[in-house]
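We use all heavy atoms of the structure for the numbers below, so side chains are in, but hydrogens, waters and symmetry mates are not. Counting from 1, the numbers follow the sequence of the chain as shown.
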Amino acid sequence: VIGGGLLGLEAAKAVYDLKVDSVDVIEFAPVLLGVQIDAEAGALVKTKVEALGVMVHVGTKTLEVLTKDDGSVKGLRIDEGGKQSVLDVDLVVVSCGVRARDELARACGLEVGGRGGVKVDYRLRSATDEHVHAVGEVASLNGGMCYGLSAPGFQQAEILADHMANPSSSAKYEGSDLSTKLKLMGVDVGSFGATSEFWFGRQYMCTDNSKVKNLIHRDAAKGVYKKLVFTPDGKKLLGGILVGDNDEFAKLSATAKRPDLGGLTAEELLAGGTPKVEDGGDGTNLSNDDLVCNCHTVPKGVIKKAIADGADSFEEIRRCTKAGTGCGTCISTGPMPRILASTLKELGKAKGLTPAMPFEKKEIEELARLRSLKTFDALAAQICIPLDKIDPAILEQSRNLVTPLLDQLFNGKKKGAGLDKVGQLKALKKELWEFVDNMNCNPILVRLAWHDSGTYHKEIAEFPARGGANGSIVYEPEIMRGANNGLSKAVKYLEPFKEEYRLVSWADLMQMASAVSIEHAGGPKIAMRYGRVDVAGPQDCPGETTRGTGANAGLPDAEAPYGCGSHTAAGHLRNIFYRMGFDDKGIVALSGAHTLGRAFKERSGLVEQGYGEANACVFTTSNSLCPVRRDGKPGIGMPGGKSWTKKWLKFDNSYFHDYAAKDPNLAWFSTDFALHNDDGFKPFFTTYKNDQDAFFRDYAEAHKMLSELGSKFEPAEGLIID
């Protein structure tokens with residue numbers, strides 16, 4: 001990795017996490033993170049990074065990337081302290097700083113800054129031509145520094161937009177706060193300052209006692225370095241550097257923006273003292289004017305108002321205020337959880353897992369993981385309101401609910417531990433709902449369960465030879481067959497659930513995921529029963545041609561030639577589904593589930609549209625013409641492919657209304673046309689087109705039947721969980 005700055009170390013961590021044989025970081029400057037921290041802090045970061053097994057080369061020039069005859073990388077020639085050598089590497093990541101691309105500006109005769117970039121004023125307007133504006137890395141404020149970070153670009157864009165929309169605006173861009181709080185290579189690093197002069201004027205490196213007063217705390221045993229920089233009289237904090245422990249970042253960065261130390265001496269602040277601030281009793285030690293999100297310059301008061309106006313979750317706070325949409329540390333390791341918990345308590349609004357921790361279970365797990373807080377008390381002390389303000393009974397209730405989550409997260413305890421099979425099934429269903437809601441993966445989970453069931457042959461009595469919903473699809477060769485292209489992704493989705501809930505069979509897991517996906521998308525609730533027994537292994541996968549209806553163990557084809565030998569699409573559908581025991585009504589009802597999902601070139605080969613944004617149709621891009629979820633929320637999962645309906649994550653009777661004859665942007669195959677052309681199918685197609693309730697009723701019946709085809713239940717009557 002060429003570059004030992006913020007992004008370089010983040011890139012190094014990403015490569016390190018890929019478990020490659022070795023990682024080297026090459027930095028031209030004599031220290032890591034030279035723009036943010038001083039030499040002593042940089043040396044400590046280097047030591048911590050090297051302790052992970054990453055080689056760090058500071059004061060080193062990159063001379064040449066060496067390549068093989070085919071153009072692939074084979075090495076990196078470097079000059080380290082005047083000594084040249086070659087590193088044997090297979091991958092080179094370049095992350096060595098930002099330089100303004102101002103060639104166009106220079107060619108047009110626009111004035112540029114001393115270090116490049118278009119010279120702009122407080123309105124982000126060119127100093128040469130008032131009709132030209134610049135924001136981001138190419139903007140040089142008053143001809144000075146070009147900011148190479150996202151947050152200043154966001155702030156500049158907001159100021160410029162304000163002036164463009166309102167010519168009389170008095171908004172001024174006067175520089176950005178470059179405070180940074182990150183965990184780099186597993187090492188906490190923070191730097192904060194009252195003004196941009198702290199960085200551009202190198203106040204954090206200044207040793208002149210007439211200009212600054214430096215106080216430093218070192219703890220070699222814990223690997224902690226804290227440097228606070230004050231005015232010479234010690235009455236105002238200018239900024240500071242933190243390595244190894246970022247717990248005080250929010251408090252100290254807020255203090256640096258205040259005119260004094262809140263009644264403390266400089267030495268007391270270094271020792272961990274807390275300035276006197278009216279924080280409303282939430283324990284954050286932040287006033288309403290103090291920043292919570294440095295990336296978007298969002299103060300605490302704005303966040304509290306958003307919560308009072310209805311933004312009662314991290315997601316809604318992000319949407320309303322942008323706080324947390326930059327680096328995200330104001331939520332992951334910062335004060336946002338406490339602000340949310342406290343404000344909701346003030347409003348008397350109950351939400352989330354417990355009143356003391358008004359967050360969803362997944363959010364609590366994420367907060368604990370990112371903060372490395374392994375006990376309830378440690379976690380509660382950071383994300384709840386002050387514990388002495390919580391009713392003891394509620395606190396104990398929270399402890400009982402959260403402690404098992406932490407055991408699962410840090411001690412390897414499975415989520416299903418201590419539960420019987422019914423208990424595991426109930427817990428699993430709730431988790432699957434949350435997973436589907438987050439991933440928008442309804443269609444592929446439905447398809448997986450259907451294809452597991454679709455191998456059933458009603459003329460074969462023995463289990464598991466008869467096929468059906470028995471979990472065999474998770475094994476090769478079945479999962480690798482052409483009709484199952486892409487379904488290995490769905491199996492990967494479900495593997496973590498199978499690991500956590502070990503009493504639940506693969507067959508039950510897949511069928512539950514399918515039923516949950518239908519209901520989540522707005523479809524009918526399926527009267528499911530559980531207790532399916534799995535096949536013993538891959539030896540129980542049905543043979544590819546054992547169903548008498550062609551290859552793929554009897555799964556249907558969308559287009560001719562049909563493996564069953566039929567010359568018509570209608571005949572093919574009947575050959576496939578009659579073999580399973582369905583009639584014409586069941587065939588049409590089940591086909592209506594094509595209201596969900598898409599076809600992909602890489603899977604069926606029947607459409608031109610494939611994986612990714614560039615290969616999507618108008619309804620399957622991330623900027624789709626209309627929201628595709630039933631609840632209107634944004635989200636499509638992976639973009640790409642061609643859908644049967646416009647809102648392909650909403651289960652309704654659209655399949656019987658929206659088809660290619662009406663809109664060429666929709667997928668429609670010969671087997672789809674057969675449903676409203678064939679005399680046997682058409683009456684049901686028309687009924688479902690005109691009566692969604694009838695479609696839901698018949699679909700729920702057919703889905704239940706499909707989910708139980710060929711299954712062996714233990715106990716024989718199955719298990720009902722709701």
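- Inter-residue side-chain proximity for Lys226 and Leu270 is flagged as met; some heavy-atom pair is nearer than 4.5 Å.
- Between Phe192 and Phe198, the gap from one ring centroid to the other reaches at least 6.0 Å.
- Checked for salt-bridge contact, Glu40 and Lys227 miss the test: no charged N lies under 4.0 Å from a carboxylate O.
- Side-chain contact check for Val86 versus Leu66: some heavy-atom pair is nearer than 4.5 Å.
- No side-chain N or O of Lys213 forms a donor-acceptor pair with one of Thr231 less than 3.5 Å apart.
- For the pair Lys74/Asp88, no side-chain contact is recorded, criterion being any heavy-atom separation below 4.5 Å from C-beta on.
- Around CD of Glu103, the count of heavy atoms belonging to other residues, nucleotides or ligands within 6.0 Å exceeds 12.
- Counting non-hydrogen atoms of other residues, nucleotides and ligands closer than 6.0 Å to CE of Met439 gives a total above 12.
- Between the Glu27 side chain and the Ala29 main chain, a donor and an acceptor come within less than 3.5 Å of each other.
- Of all heavy-atom pairs between Cys206 and Lys211, the closest is SG-CB, 4.2 Å.
- When only modelled atom types and interatomic distance are considered, Tyr204 and Asn214 share no side-chain donor-acceptor pair under 3.5 Å.
- The CE atom of Met164 sits 10.5 Å away from the CZ atom of Arg123 when rounded to the nearest 0.5 Å.
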Verdict with supporting geometry, Phe249 and Asp188, side chain to side chain contact (heavy atoms under 4.5 Å, CB included): CA-CA 10 Å; Phe249 180 87; Asp188 283 325; over 6 Å; no
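- At distances below 3.5 Å, at least one donor-acceptor pair connects side-chain atoms of Thr180 with backbone N or O atoms of Leu178.
- Residues Leu406 and Lys374 are not in side-chain contact: their nearest non-hydrogen atoms beyond the backbone lie 4.5 Å or more apart.
- A donor atom on one side chain and an acceptor atom on the other are found under 3.5 Å apart for Ser176 and Gln155.
- When all heavy atoms of Cys295 and Ala151 are compared, the closest pair comes out as O-CB, 2.9 Å.
- Summarising the geometry of Gly486 relative to Ile444, their closest heavy-atom pair is O-CD1, 3.5 Å, with the distance given to 0.1 Å.
- No more than 12 heavy atoms of other residues, nucleotides or ligands lie within 6.0 Å of NZ in Lys601, so this atom counts as exposed by the packing criterion.
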Go through it in stages, so that I can follow the logic: the residues are Asp129 and Ser126, the test is side chain to side chain donor-acceptor pair (under 3.5 Å), and I'd like the CA-CA distance, side-chain angles, deciding distance and then a yes or no. CA-CA 5 Å; Asp129 186 336; Ser126 164; over 6 Å; no
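- Counting non-hydrogen atoms of neighbouring residues, nucleotides and ligands closer than 6.0 angstrom, the CG atom of Asp17 exceeds 12 such neighbours.
- Here Phe314 contributes atom CZ and Leu340 contributes atom CG; the two are 5.5 Å apart, rounded to the nearest 0.5 Å.
- The closest donor-acceptor contact from the side chain of Arg106 to the backbone of Val112 lies at 3.5 Å or more, if one exists at all.
- No side-chain donor-acceptor contact under 3.5 Å links Glu80 to the backbone of Gly59.
- If you take CE on Met55 and NE2 on His57, they are separated by 5.0 Å, rounding to the nearest 0.5 Å.
- Taking OG1 from Thr321 and NZ from Lys304, the interatomic distance works out to 13.5 Å, rounded to the nearest 0.5 Å.
- In this structure, the side chain of Ser313 engages the main chain of Glu316 through a donor-acceptor pair within 3.5 Å.
- Under a cut-off of 6.0 angstrom, the local environment of CD in Glu315 is sparse, with at most 12 non-hydrogen atoms contributed by other residues, nucleotides or ligands.
- Under the 3.5 Å distance criterion, with hydrogens and angles disregarded, a donor-acceptor pair is assigned to the side chains of His296 and Thr325.
- Atom-to-atom distance recorded for Leu373:CG and Ile383:CD1 is 8.5 Å, nearest 0.5 angstrom.
- Using modelled atom types, one side-chain atom of Lys236 and one backbone atom of Ala256 make a donor-acceptor pair closer than 3.5 Å.
- Annotation for Gly117 and Cys146: closest pair CA-SG, 3.9 Å, computed over non-hydrogen atoms.
- Here the straight-line distance linking atom SG of Cys327 with atom CG of Leu182 works out to 6.0 Å at 0.5 Å rounding.
- In terms of heavy-atom proximity, Ser191 sits nearest to Ile37 at CB-CG2, 4.5 Å.
- Pro152 has its side chain out of reach of Glu137: every pair of non-hydrogen atoms, C-beta onward, lies at least 4.5 Å apart.
- Heavy atoms from other residues, nucleotides or ligands lying under 6.0 Å from CG of Asp70 number more than 12.
- One side chain, Gln382 or Arg371, offers a donor N or O that lies under 3.5 Å from an acceptor on the other.
- Looking at Asn438, its side chain never comes within 3.5 Å of a backbone N or O of Glu434 through a donor-acceptor pair.
- A donor-acceptor pair under 3.5 Å links the side-chain atoms of Thr47 to the main chain of Ala43, judged by distance alone.
- Relative ring orientation between Tyr147 and Tyr173 is described as perpendicular, the plane-to-plane angle rising above 60° on a 0-90° scale split at 30° and 60°.
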Please lay out, stage by stage, how Leu52 and Tyr16 fare under the test side chain to side chain contact (heavy atoms under 4.5 Å, CB included). CA-CA 9 Å; Leu52 297 174; Tyr16 175 84; 4.0 Å; yes
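- For the residue pair Asp177 / Ser179, a side-chain donor-acceptor distance below 3.5 Å is found, with atom types taken as modelled.
- At a threshold of 4.5 Å between non-hydrogen side-chain atoms, the residues Leu6 and Gln36 count as touching.
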Run the numbers on Val58 and Leu32 for side chain to side chain contact (heavy atoms under 4.5 Å, CB included), then give the verdict. CA-CA 7 Å; Val58 294; Leu32 295 175; 4.2 Å; yes
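- In this structure, Lys251 contributes its side chain and Gly273 its backbone to a donor-acceptor pair below 3.5 Å.
- Heavy atoms of other residues, nucleotides or ligands lying less than 6.0 angstrom from CZ of Arg202 number more than 12.
- Using modelled atom types, one finds no donor on one side chain facing an acceptor on the other under 3.5 Å when comparing Thr274 with Asn285.
- The shortest distance between side-chain heavy atoms of Thr284 and Lys300 falls below 4.5 Å.
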I would like to know whether Val93 and Val15 meet side chain to side chain contact (heavy atoms under 4.5 Å, CB included); could you show each step before the answer? CA-CA 9 Å; Val93 179; Val15 177; 4.2 Å; yes
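- Listed here is the closest heavy atom pair of Ala266 and Leu261: N-CD1, 3.7 Å.
- Distance alone, capped at 3.5 Å, is enough to place a donor-acceptor pair between the Asp121 side chain and the Arg125 backbone.
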Begin from the C-alpha positions of Thr333 and Lys181 and carry the test side chain to side chain donor-acceptor pair (under 3.5 Å) through to its verdict. CA-CA 9 Å; Thr333 57; Lys181 174 192 175 187; 2.9 Å; yes
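- Around atom OH of Tyr493, more than 12 heavy atoms belonging to other residues, nucleotides or ligands sit under 6.0 Å away.
- Here the rule is side-chain contact (heavy atoms from CB on, under 4.5 Å) with Thr255, and of Leu269, Leu286, Val277, Asp290 only Leu269 fits it.
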Residue pair Asp208, Ser210: steps toward the side chain to side chain donor-acceptor pair (under 3.5 Å) verdict: CA-CA 5 Å; Asp208 186 341; Ser210 68; 2.6 Å; yes
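- Val92 places none of its side-chain heavy atoms less than 4.5 Å from the side chain of Val1.
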